[in-house]
Protein chains: 2
Amino acid sequence: MKRSKKERQQQLIHTIKNNPFITDDALANLFTVSVQTVRLDRLELSIPELRERIKHVASKSFEDEVRSLPLSDVIGEMVDIELDERAISIFDVKSEHIFQRNQIARGHHLFAQANSLAVAVINDELALTVKSTLSFVKPVKLGDRVIAKAFVTRKDQEKNRTFVEVTSTVENEIVFEGQFEMFRANEASKGELK
Amino acid sequence: MKRSKKERQQQLIHTIKNNPFITDDALANLFTVSVQTVRLDRLELSIPELRERIKHVASKSFEDEVRSLPLSDVIGEMVDIELDERAISIFDVKSEHIFQRNQIARGHHLFAQANSLAVAVINDELALTVKSTLSFVKPVKLGDRVIAKAFVTRKDQEKNRTFVEVTSTVENEIVFEGQFEMFRANEASKGELK
DNA sequence: CTGATAATAGTACCAAGTGCTAATATCGGA
DNA sequence: TCCGATATTAGCACTTGGTACTATTATCAG
């Protein structure tokens with residue numbers, strides 16, 4: 001018992017969290033205990049085996065037909081998407097997102113969530129933001145769960161533009177609004193961008 | 001030979017592509033061939049086994065997840081500042097800032113640089129973005145050095161608002177412009193924000 | 001000192017493979 | 001029609017990273 005069971009289990013949780021790809025064997029070495037001990041720990045903490053962990057990580061990102069952009073490029077967690085129509089993502093405000101002084105989320109995270117959602121909702125190989133107008137309606141605090149909803153409002157086929165409106169709420173209260181004018185590369189315009 | 005080897009292999013590629021979670025066994029059933037045939041096919045097409053496929057999908061998404069975190073501190077290096085007047089920062093576009101597909105910098109990093117500069121230039125305890133209008137003039141690429149310059153254009157003492165204009169350039173060419181309306185908490189208004 | 005808790009050891013088993021050899025099909029051309 | 005090439009199937013040993021279970025040994029605390 002290096003530092004008691006509890007302490008080890010806390011470390012185990014932490015270690016696996018930021019490296020789900022580690023095997024029991026490696027964990028046993030890390031904590032200088034036997035593999036069986038690691039397994040008992042996982043059992044108690046109901047942490048699934050390596051393969052299941054990996055599968056979980058993988059399927060989270062693979063879920064549904066997010067073809068336009070790999071889900072990975074989205075800030076926040078995508079919960080719903082209908083390409084070229086709408087998309088919803090969730091973003092939990094953690095300590096790394098706030099100003100330490102006042103616990104208020106820094107604006108660029110809200111923008112990042114909204115902007116990446118605007119990119120993701122577009123059903124095309126390439127989507128870039130051209131212009132946008134933002135309104136930070138209400139400060140967002142540590143621990144808040146921000147739900148961003150994006151709607152495609154208009155498409156201009158000739159100019160390859162798509163207009164997306166994003167509204168972010170915390171407990172049904174609007175905290176952020178943004179209009180995004182997006183450039184999209186459809187088949188015809190591929191390769192035009194230098 | 002239901003439809004020739006080639007045809008089956010094409011289908012195999014397709015099937016695995018949009019469901020990397022399928023086992024050889026399931027594939028064998030699907031094409032009504034033996035498991036061995038599926039394995040030979042994978043071998044010829046150099047498609048890795050199920051576990052490796054899943055691992056690949058997982059690590060791709062995991063890397064991006066990790067990558068999106070350090071957004072908090074990497075917002076450029078301040079090189080000059082005159083409080084309530086102007087500020088300049090430099091931001092080098094690295095691989096973690098771009099879309100892998102086209103090497104173009106993700107918009108929120110440009111916004112983050114500009115926005116944090118707008119916050120920094122304000123000589124007050126608290127500064128928050130209220131509204132902003134952005135224009136992504138030209139795509140920024142991997143390796144580019146973005147120089148953002150912020151100017152305070154106007155102050156509205158009564159409403160506690162400060163207006164900041166930010167222009168970002170790469171090799172003297174404008175790539176981004178933004179107008180920011182900032183809320184500031186001066187002595188008089190401290191604690192008003194709930 | 002004795003129980004309880006914790007840790008270790010060992011066994012059988014599983015899924016989803018790889019790598020290999022060997023036996024059959026099946027087809028297409030001389 | 002028969003022959004050889006290609007394609008397919010079968011079988012076996014072995015691998016990883018586990019589960020599930022039992023048995024033994026430490027270790028600590030009252």
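Every chain is numbered from 1 and lettered A, B, ... according to where its sequence line falls, protein lines coming before strand lines. What you are looking at is a predicted structure, and each value in this text was computed from that prediction instead of being measured.
- Scanning both residues, B/F111 and A/H108, for their nearest heavy atoms gives CE2-CA, 3.4 Å.
- Of all heavy-atom pairs spanning B/I122 and B/D84, the tightest one is CA-OD1, 3.9 Å.
- Rounded to 10°, the helix from C/dC1-D/dG30 to C/dA30-D/dT1 has 0° between the axis fitted to its first five pairs and the one fitted to its last five.
- Taking atom CD of A/Q9 as the reference point, atom P of C/dT5 lies 15 Å away to the nearest angstrom.
- Here D/dC21 presents its C1' atom at 11 Å from CG of A/L40, a figure rounded to the nearest Å.
- Rounded to an integer number of Å, the gap from B/L27 CG to D/dT8 P is 15 Å.
- Note on B/L83: it does not cluster hydrophobically with B/F151, by side-chain heavy-atom contacts below 4.5 Å among ILVMFWY residues.
- Straight-line distance from the CZ atom of A/R53 to the P atom of D/dT16: 18 Å, rounded to whole Å.
- The shortest non-hydrogen separation linking A/L117 to A/A148 is CD2-O, 3.4 Å.
- Side-chain proximity of B/D24 to D/dT8, C/dG17, D/dT19: nearest is C/dG17.
- Counting to the nearest Å, the P atom of C/dT8 and the CG atom of A/D25 are 13 Å from each other.
- Separating the CZ atom of A/R39 from the P atom of C/dG10 is a distance of 14 Å, rounded to the nearest angstrom.
- Here the closest heavy-atom approach between residue A/V121 and residue A/E82 is recorded as CG2-O, 4.0 Å.
- The distance from atom NZ of B/K5 to atom C1' of C/dC27 is 14 Å, rounded to the nearest whole Å.
- OP1 or OP2 of C/dA7 sits under 4.0 Å from a side-chain N or O of A/R8.
- B/P20 and B/V57 make their closest contact through CG-CG2, 4.2 Å (heavy atoms, listed as atom of the first residue, atom of the second, distance).
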Report all side-chain donor-acceptor pairs from residues 126-137 of chain B shorter than 3.5 Å, counting only partners two or more places apart or in another chain.
{"residue": "B/T129", "atom": "OG1", "partner": "B/N115", "partner atom": "OD1", "Å": "2.7"}

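- Between B/I90 and B/Q113, the shortest heavy-atom distance links the atoms C-NE2, 3.7 Å.
- Between A/D41 and A/T37 there is a side-chain heavy-atom pair separated by less than 4.5 Å.
- Listed in residue order, the members of residues 41-52 of chain B having a heavy atom less than 4.0 Å from DNA chain C are B/R42, B/E49, B/L50, B/R51.
- Atom P of nucleotide D/dA7 and atom CZ of B/F31 are separated by 17 Å, given to the nearest angstrom.
- Of the candidate nucleotides D/dG18, C/dA6, C/dT18, D/dG18 has the atom lying nearest to any side-chain atom of A/T23.
- Proximity of A/T37 to the phosphate of C/dA7: no side-chain N or O atom is located under 4.0 Å from OP1 or OP2.
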